[in-house]
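Data block below; observations after.
Remember, predicted model here, so these are calculated numbers, not experimental data. Numbers for residues simply follow the sequence, beginning at 1.
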Amino acid sequence: MWKAEVEDVCPMKEAPMEQHNHSSLTYFVLLGFPNVRHVRGWLFVMLLLAYLLTIGGNLLIFLVIRLNAALHKPMYHFVSVLSFLELWYTATTIPKMLANLLSEKKTISFAGCLLQTYFFHSLGASECYLLTAMAYDRYLAICRPLHYPAIMTTTLCAKMAVGCWTCGFLCPISEVILVSQLPFCDYNEIQHIFCDFPPLLSLACKDTSTNVLVDFAVNAFIILITFFFIMVSYGRIIAAVLKIKTAAGRRKAFSTCASHLIVVLVFFGSIIFMYVRLKKSYSLTLDRTLAVVYSVLTPLANPVIYSLRNKELIQAIKRTIFRRGEKASPTLL
């Protein structure tokens, strides 16, 4: 998932360009959040709090769904998989952001940068596919309710989840291989809050048109096609719901998929604006802001959206917490 075009930026140097390759460039400097020295402590606290809430909220939803037999349904199965994915998705970037806020040396190794980029995009792609699977599940449940139990079986749910993860982890391999073979300039400052393909390509001392073309093809497939199928599913859902005669029936039908639609719009809205664009340069501040939205705020909002808008899940959380609390309390004789 990357920008359609990236400017090749390489400072002027006296030595021949061929001498500056990635074998001599062993690390990068992540600039992260520049010009925040006076509020660095507050930013660290806020980011740490957001990370802890993300871990706690997604872990709670995952465990509650797995421990409650009443929630062993296709919809909650996908929600639990999404929560599990978010735990790893945030772990690829936020801990390094926190470390850089406390350290004066904001460095990351060349191999570490490639690994961070690969896992971030792999998990991001997996989330795109998973959100598409969730939209298909809601489409079957609302538009084909009589056939839903026969189609959306436990086996199919498991296969779809495995397929989402597998496709997600396969997609960025070609991009990582291409970037790993690029020669890089001595200038090694990454103008971003974490390693990503666009800022890496901007440091390469070589024509990156092939990388840009491959990135755009993968980007279009992962983001645009999955978003298209999600919108088609919800278009049919809305058309089916509007045919319901009673207002109560329409409200109940919309409530089952409204939370998923909110997650989709926030997540895809930020990554489409970030990665599907033809303009070569935007404000670095805007890029960092959007990166915070889809890498920090969206994973944080997911458990809140799913829990607050789902009474069945809220009741299951309360039962689980109170039951565990009662078991932990000593028995009074």
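Side-chain polar atoms of Glu86 and Asn58 form no donor-acceptor pair below 3.5 angstrom. For Asp137 and Tyr148, the side-chain atoms include at least one donor-acceptor pair closer than 3.5 Å. Between the side chains of Arg66 and Ser80, at least one donor-acceptor pair of N or O atoms lies under 3.5 Å. A donor-acceptor contact under 3.5 angstrom links the side chains of Tyr76 and Glu312, judged on distance only.
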Worked check of side chain to side chain contact (heavy atoms under 4.5 Å, CB included) between His77 and His72: CA-CA 6 Å; His77 167 75; His72 291 176; over 6 Å; no

Derivation and outcome, side chain to side chain contact (heavy atoms under 4.5 Å, CB included), residues Arg144 and His147: CA-CA 6 Å; Arg144 302 183 63 184; His147 300 89; 4.0 Å; yes

Tyr139/Tyr234 under side chain to side chain contact (heavy atoms under 4.5 Å, CB included): CA gap, chis, key distance, verdict: CA-CA 7 Å; Tyr139 160 74; Tyr234 274 101; over 6 Å; no

Criterion side chain to side chain contact (heavy atoms under 4.5 Å, CB included) on Arg138 and Phe78, from CA distance to verdict: CA-CA 11 Å; Arg138 291 299 85 206; Phe78 289 121; over 6 Å; no

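For the pair Cys113/Ile190, a side-chain contact is recorded, criterion being any heavy-atom separation below 4.5 Å from C-beta on. Using a 4.5 Å heavy-atom cutoff, the side chains of Val264 and Met231 are in contact. Contact annotation: the side chain of Phe28 approaches that of Leu203 to within less than 4.5 Å [non-hydrogen atoms, C-beta and beyond]. In this structure, Leu49 and Leu53 have side chains that are in contact, with non-hydrogen atoms separated by less than 4.5 Å. Residues Val79 and Asn302 have side chains not in contact (no heavy-atom distance under 4.5 Å, counting atoms from C-beta outward). Side-chain contact between Ser126 and Leu85 is present, with heavy atoms from C-beta onward closer than 4.5 Å. Looking only at side-chain heavy atoms (C-beta outward), Cys195 and Ile108 come within less than 4.5 Å of each other. Residues Ile271 and Cys128 are in side-chain contact: their nearest non-hydrogen atoms beyond the backbone lie under 4.5 Å apart.
Heavy-atom minimum distance, Ser295 versus Thr93: CB-OG1, 4.3 Å. When every heavy atom of Leu101 is checked against every heavy atom of Arg40, the shortest pair comes out as O-CD, 2.8 Å. Among all heavy-atom pairs drawn from Leu182 and Ala204, the shortest one is CD1-CB, 3.9 Å. Pro299 and Tyr294 get closest at one heavy-atom pair: CD-O, 3.9 Å. For the pair Ser122 and Pro172, the tightest heavy-atom approach, listed with the atom from each and the gap, is OG-CG, 3.4 Å. Nearest heavy atoms, Tyr51 versus Pro95: OH-CG, 3.7 Å.
Centroid-to-centroid, the aromatic rings of Phe110 and Phe184 come within less than 6.0 Å. When ring centroids are compared, Phe229 and Tyr136 stay outside the 6.0 Å threshold. You'll find the ring centres of Phe194 and Phe120 inside the 6.0 Å limit.
Within the 3.5 Å criterion, the main-chain N or O of Lys106 finds no donor-acceptor partner in the side chain of Ser103. Side-chain atoms of Asp196 do not come within 3.5 Å of backbone N or O of Pro198 as any donor-acceptor pair. Thr298 places a side-chain N or O within donor-acceptor distance of the main-chain N or O of Val293, the cut-off being under 3.5 Å. Panel note: side chain Gln191, backbone Pro199; no donor-acceptor pair is recorded below 3.5 Å.
Counted within 6.0 Å of CZ on Phe221, heavy atoms from surrounding residues, nucleotides or ligands total 12 or fewer; the atom is thus considered open.
With Val64 as the fixed residue, the side-chain contact (heavy atoms from CB on, under 4.5 Å) test singles out one of Leu60, Ile61, Leu67: Leu60.
By the salt bridge (charged side-chain N to carboxylate O under 4.0 Å, His left out) test, Lys159 pairs with no residue at all, sequence neighbours left out. Under the salt bridge (charged side-chain N to carboxylate O under 4.0 Å, His left out) criterion, Glu189 pairs with no residue, sequence neighbours left out.
Distance check, rounded to the nearest 0.5 Å: CG of Leu200 to OG1 of Thr208 gives 11.0 Å. Note: Leu87 CG to Thr54 OG1 = 9.0 Å, rounded to the nearest 0.5 Å. In this structure, Leu47 CG and Leu98 CG are separated by 4.5 Å, a value rounded to the nearest 0.5 Å. In this structure, CE on Met75 lies 11.5 Å from SG on Cys157, to the nearest 0.5 angstrom. Between Ile94 atom CD1 and Tyr89 atom OH the span is 9.5 Å, to the nearest 0.5 Å. Considering CD1 of Ile223 and CZ of Phe267, their distance stands at 7.5 Å, rounded to 0.5 Å.
Residues Leu300 and Val292 do not share a hydrophobic cluster, defined by chaining ILVMFWY side chains whose heavy atoms lie under 4.5 Å apart. Side-chain heavy atoms closer than 4.5 Å link hydrophobic residues (I, L, V, M, F, W, Y) into clusters, and following such links, possibly through other members, connects Trp88 to Tyr118. Connection of Met46 to Ile55 is not established within any shared hydrophobic cluster, with ILVMFWY side chains joined at heavy-atom distances below 4.5 Å, either directly or through further cluster members. If you chain together hydrophobic residues whose side chains sit under 4.5 Å apart, Met97 and Leu102 fall into the same group. Grouping the Ile, Leu, Val, Met, Phe, Trp and Tyr side chains by contacts below 4.5 angstrom, directly or via other members, places Leu265 with Ile305.
The aromatic rings of Trp165 and Phe84 sit tilted, their planes meeting at an angle between 30° and 60°.
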